[in-house]
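Everything below concerns the one structure shown next.
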There are 2 protein chains.
Amino acid sequence: MVVDQLRDADVDRLFQALADATRRDIVRRVTAGEYSVSGLAALYAMSFAAVQKHVAVLERASLVTKEKRGREQIVRGSHEGLQKACRLLDEYEAIWRQRAGRIADILAEG
Amino acid sequence: MVVDQLRDADVDRLFQALADATRRDIVRRVTAGEYSVSGLAALYAMSFAAVQKHVAVLERASLVTKEKRGREQIVRGSHEGLQKACRLLDEYEAIWRQRAGRIADILAEG
DNA sequence: GTATCGTACAACCAAATGGTTGTAGATCAG
DNA sequence: CTGATCTACAACCATTTGGTTGTACGATAC
């Protein structure tokens, strides 16, 4: 299904975005407070353009939003993205619990 | 700190491993039941070696374990890996809730 | 013993990643 | 207007990733 493929791509982007320590740090910071792109860039030992790219990756993954304010671009954490990731992992956990439940049933029967 | 670097690398591997639809599908399957590597390989439109690599990525990320049984290698889901990922995301959620709490306080004061 | 099956691993390739520098457009300060 | 600041984006580079094929080796079946 095309729908599922799109969803897969979304999830790919989500976890891919979280698979980098700098990006996770950015998520942490912009979730706790407000930062401009250059404000973030000042925090890391890499070029402005590199940080800009990281923010772009987070934005495409819906983990972050940008809002123009004057000449600055304010980056904010998006709770939706995080929740989505949490819910996805919970699904796997649910599968595990189902299996654990079945095993418990088998043990109870045996 | 070296400890934190190692931890970062672990988390990188974790989310990196989850950032691929085929690997997520493998996790789903081996969490629900038992599969050999070739049993898994039969499910996907790619070579055995490709699936083998995916399993290796999941194994390095501690999302999966392998156990030799005769000439087969049995792949099983590791609950620890999933829990770790869940807890990590919960940390971010906690940061969000802290911030939401502060905002609520400010609104209550104002 | 021989053929087959399941696995491991190397070598290779195209595409994506994570970084760089450089250029250019808006916006603000003086 | 001029200059500084913030951002965007292109071009480039090294490394990693996700895939392939081919080879080799232990375990099993006959």
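By convention in this document, chain letters (A, B, ...) are assigned in the order of the sequence lines, proteins followed by strands, and residues within each chain are numbered from 1.
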Original post:
Going by heavy atoms in the side chains, are Lys53(B) and Val51(B) under 4.5 Å from each other?
Top reply: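 Counting from C-beta outward, Lys53(B) and Val51(B) never come under 4.5 Å.
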
Original post:
Does the side chain of Glu80(A) come within less than 4.5 Å of Ser62(A)'s, by heavy atoms?
Top reply: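 In short, these two side chains do not touch, never coming nearer than 4.5 Å.
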
[atom1] of [X] versus [atom2] of [N]: gap in Å, rounded?
X	N	atom1	atom2	answer
Lys68(B)	dT7(C)	NZ	C1'	8 Å
Gln73(A)	dT27(C)	CD	C1'	12 Å
Arg71(B)	dG26(D)	CZ	C1'	10 Å
Glu72(B)	dA8(C)	CD	C1'	15 Å
Leu58(B)	dG18(D)	CG	C1'	13 Å
Glu59(A)	dC9(D)	CD	P	10 Å
Gln52(A)	dA26(C)	CD	P	16 Å
Arg13(B)	dT17(D)	CZ	P	11 Å

Original post:
Start at the 5' end of DNA chain C and walk down; is the nucleotide closest to Lys66(B) or to Arg69(A) reached first?
Top reply: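 In this pair, the answer is Lys66(B).
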
**OP:** Look at Asp90(B) together with Arg87(B) and state whether they make a salt bridge at an N to O cut-off of under 4.0 Å.
**Re:**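 Salt bridge: no.
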
Original post:
Do NZ/NE/NH1/NH2 and the carboxylate oxygens of Arg7(A) and Asp10(A) come within less than 4.0 Å?
Top reply: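 Looking at Arg7(A) and Asp10(A), the cut-off is not met.
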
Original post:
Pick one: which of Lys66(B), Arg29(B), Arg69(B) meets salt bridge (Lys or Arg N to Asp or Glu O under 4.0 Å) with Glu34(B)?
Top reply: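 That would be Arg69(B).
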
Subject >> Side-chain N,O (Ser38(A)) to OP1/OP2 (dT5(D)) below 4.0 Å >> reply: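 Ser38(A) to dT5(D) OP1/OP2: no side-chain N or O under 4.0 Å.
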
**OP:** Scan nucleotides 17-23 of chain C nucleotide by nucleotide, 5' to 3', and note B when protein non-hydrogen atoms come under 4.0 Å of the base, S if they reach only the sugar-phosphate, - if neither.
**Re:** -SBBB--

Original post:
Donor-acceptor pair, Arg99(B) side chain versus Ala94(B) backbone, under 3.5 Å?
Top reply: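 No; judged by distance alone, with no hydrogens or angles, the pair does not exist.
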
